Amino acid sequence: MTTDPDLLAELRCTVDAVLTAHDSAAAHRRLLLSQGEIDRGLWEQASTLGWSSLAADESHGGMGLGTDAICVIAEACGRSVANIPLLSNATVIHALSRWGSLGLQADWIPNLASGAQIGAFGFAADCQWGLSPTPALILEDGVVSGTLAFVPYGAVADVLISPVLENGSLRLVCLDLRAASVQRSIVNTVDNARAAAALTFFATPGEVLAESDVMALLNYSAVLTAFEQVGGATTCLEKASEYARTRYVFGQPIARFQAIKHRLADMYCKIEVARGAALRALTAPDQVARAAAARLGGCEAYDYAAREAIQVHGGIGVTWEMDCHLHYRRARTLSLELGAPMWWRDQLIDVLRATPNCADGVTE
Amino acid sequence: MTMTASVAELADYRTTARLWLAEHAPRFSGSNRKRDDFQADLALGKAWQALKANHGYAAITLPKIYGGGGASEIEQLIFTEEELKYDVPYDYHAISLGMPVPIMERHATPEQKQRYLPAAIRGEDIWCQLFSEPSAGSDLAALRLQAEVDAQGDWLLNGQKLWTSWAHVAQFAIVIARSDPTVAKHAGLTFFFLDMRSPGIEVRPIERMSGDRDVCEVFFDNVHVPDTQRLGKVGEGFRLALETLMIERYSVSDESSGGPKLSQLIALADDTQADGKSALDNAVVRALIAEAYVELEGLRSIHERAMAAIAAGEEPGPEGAIRKLLLANQRQRLATLAMDISGPCGLLIPKGATFADNFALSWLDAPALRIAGGTDEILRNTIAERVLGLPQDHRPDKGVPFNQIPNS
């Protein structure tokens, strides 16, 4: 679904105004030191403004806008390193709206859309770089057991969507994290603002989303994340360019040295490739190759931009007071939460092997 | 068609062009090309150009009175996009009609245009562009070809040009020369057009490392050029040269840069055995193919948006620079990868192989792509300066009279 361009432009303005007025970087520094929390102030604002409700259907109190509207917010959040579970909520709302029973939808979507509750999507198991064909959680007789080693927003979420095997098929299961049979342990990570936790389930009741497609949900989440990555990388490029223009050595701005300006040009190319791949994926939902391209492009652009922005800044770039490390942490985090780039490459190549024409731009 | 054709009109235009090409292009492509007989293939190219002219597909943006298509840039881009799906001999005329002929249309007198343009558009005459020199490539304004006024107020050209595409088959040329070496280098240049058969011109094709002979060096020994063949004012040459280079502000190019397609590399990897497994199961192979696919996807979106912007009458941005930088490098990387995958047999160039189907040939041709039409370094500077607003490199030649610049 495509949202009216004027509406998107208006949304972009509002979102930018809110995020510019809010000091996400200061919140991020605070959150790094206090594990397991999110930026509650911004989340309240975002909830009031209905950002979480974009993905939800109007019957569930949502705005019923297209994915492109969420991507606008995702990019803006990326630009300002916002520390809110917006995309996480959108992903859970998407899963429930698409495959959830009416009961599940009624139970969760209105509260997720209003921001009153937080949803998480996670699958990470020890010694797995991506989604494993044998998930960490085991479904047996309607109850779920096992441990997820890392769930973004697991520390604060009310509900979780995760893969399980049901009669040999990989499906999504919905779990109420408020249940007594769920044990959360907050984990220390390179980016504690993601409020990650390890979650252990002791025969927790779970409802499988019938006919759900795990890969489709990963694709959806990957495309949203790609826009967040493009936003973050853009800030890195802008900050590094600004610094290079004003920092003088040997009697001239360092931006005059090709060693610097060419690195910034490369950063720009990677960001524009990532943006382009993300836009292409947005127009072709459920195409694995397109989504994987968005994912890989986003990871490469943000990791590169965050890493090299520090180098352009030199010594000041590695200090706590500069924002460089916030992006360095967030870029790596976004590159891994949905599975490592290597895993996504494998998904992509498997599609290209089956349909080589797809590599030349033909649809799968 | 008006400057702002509607989306539906453009879709119609594309459909009509596609049908027309499907009817005519096969006779001029594939096995109908005369690759081992240059003169025959050139003749085929001229026939193709004449056929296009008869149907309004030659020089689509130039006025109909000269035999052009009388349409706008977007129609030209759409037609080229469709034409590139065939392996037609369009490249002999691509530069001629891309830059020299349009700049003539803008700056020559009505009589000159009447005299020169129709034959060029029909493809009978080919125009070349005498810009680069041994000491003036990326730094075009450093050129040295000397232009001196003679007693009659006409000009005498002495010196050398280099890397001129198709000079050996061209009847006419546009040329930029130094008319005053005592002023700053950009200020002392003047722009002319000339007949390549003028006495004193000697053209020597250069054999490239790939075996191609499409570029030449051109020597000038007291070549007489009437002042009536000056375009623009004396000293205005650099501005005209930039205007010439900006005519194709956005050009459609094949995403494989003339080399094999990515799908061909994937098929090769899938078919090749490495330690009992398909090469497509190798992590390094996967990573490089994935990287190329991501770049192509990104560039496809950039291209789609550039086409939409041009159709809406907007200025294209720096899309061309990104595309050229990434694709030229990608072609070299993929050709190298394909050769690696094939092992020692990757070195083979079978008889009848072409750039489009043989990775070894593609690899031999690849370095030139990273130089011609803007080196990697110049393109990165363009992006850094024009898009990111970063300052120019240190420029010790700025404002200095040309004849006082070291080595000039």
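Everything quoted here is computed from the prediction, not taken from an experiment. Below, chain A is the first sequence line, B the second, and so on; all start at residue 1.
Of the atoms belonging to B:V285, not a single heavy atom falls under 4.5 Å from chain A. Contact of B:L262 with chain A is made through backbone and side chain together, with heavy-atom distances under 4.5 Å. Residue contact with chain A, scored on non-hydrogen atoms closer than 4.5 Å, involves the side chain of B:E385 exclusively. Both the backbone and the side chain of B:N381 come within contact range of chain A, with heavy atoms under 4.5 Å apart. Neither the backbone nor the side chain of B:Q264 comes within contact range of chain A; no heavy atom of the residue lies under 4.5 Å from a heavy atom of that chain. Interface residue A:Q252: only side-chain heavy atoms are found under 4.5 Å from chain B. At a 4.5 Å heavy-atom cutoff, the contact between A:L237 and chain B is made by side-chain atoms alone. Neither the backbone nor the side chain of B:A269 comes within contact range of chain A, judged by heavy atoms closer than 4.5 Å. In this structure, chain A has a heavy atom under 4.5 Å from the side chain of B:L296, while its backbone stays farther away. For a residue to count as touching a neighbouring chain, one of its non-hydrogen atoms must lie under 4.5 Å from one of that chain's; by this rule B:L325 touches chain A with the side chain only.
Considering only heavy atoms from C-beta on, B:I302 comes within 4.5 Å of A:E272 through its side chain. Contact check for A:R353 versus B:D281: side-chain heavy atoms found under the 4.5 Å cut-off. Looking only at side-chain heavy atoms (C-beta outward), A:L348 and B:R286 stay at 4.5 Å or farther from each other. Under the 4.5 Å side-chain criterion, counting only non-hydrogen atoms from C-beta, A:R275 is in contact with B:R305.
Shown here is B:R386, whose CZ atom has no more than 12 heavy atoms of other residues, nucleotides or ligands within 6.0 Å. A:Y328 OH: 12 or fewer foreign heavy atoms inside a 6.0 Å radius. For A:E10, the CD atom sits in a loose shell: 12 or fewer heavy atoms of surrounding residues, nucleotides or ligands are nearer than 6.0 Å.
Atoms NE2 and CD, on B:H394 and A:Q258 in that order, are 12.5 Å from each other to the nearest 0.5 Å. Atom-to-atom distance recorded for B:I383:CD1 and A:M267:CE is 13.0 Å, nearest 0.5 angstrom. Between atom CG of residue A:L352 and atom CD1 of residue B:I266 there is a gap of 4.5 Å, rounded to the nearest 0.5 Å. A:K261 NZ to B:D393 CG: the interatomic distance, rounded to the nearest 0.5 Å, is 3.5 Å. Taking CG of B:L390 as the reference point, atom CZ of A:R245 lies at 5.5 Å (rounded to 0.5 Å). For the atom pair CZ of B:R380 and SG of A:C269, the computed distance is 7.0 Å after rounding to the nearest 0.5 Å.
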The test is side chain to side chain contact (heavy atoms under 4.5 Å, CB included); show your working for B:E295 and A:K270 and say whether it passes. CA-CA 8 Å; B:E295 276 186 4; A:K270 285 179 192 291; over 6 Å; no

Let me see the working for A:Y268 and B:I322 under side chain to side chain contact (heavy atoms under 4.5 Å, CB included), right down to the final yes or no. CA-CA 9 Å; A:Y268 176 79; B:I322 301 182; 3.5 Å; yes

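No side-chain donor-acceptor contact under 3.5 Å links A:R345 to the backbone of B:A287. Without hydrogens or angle criteria, B:K261 side chain to A:N357 main chain gives no donor-acceptor distance under 3.5 Å.
Nearest heavy-atom pair across B:R300 and A:A359 is NH2-O, 2.7 Å. Smallest separation of non-hydrogen atoms from A:G276 and B:S301: O-CB, 3.2 Å. When all heavy atoms of A:A265 and B:A384 are compared, the pair lying nearest together is CB-N, 4.4 Å.
Heavy-atom pairs under 4.5 Å with chain B were tallied for A:I349, A:V273, A:D346, A:L264; the largest tally goes to A:I349.
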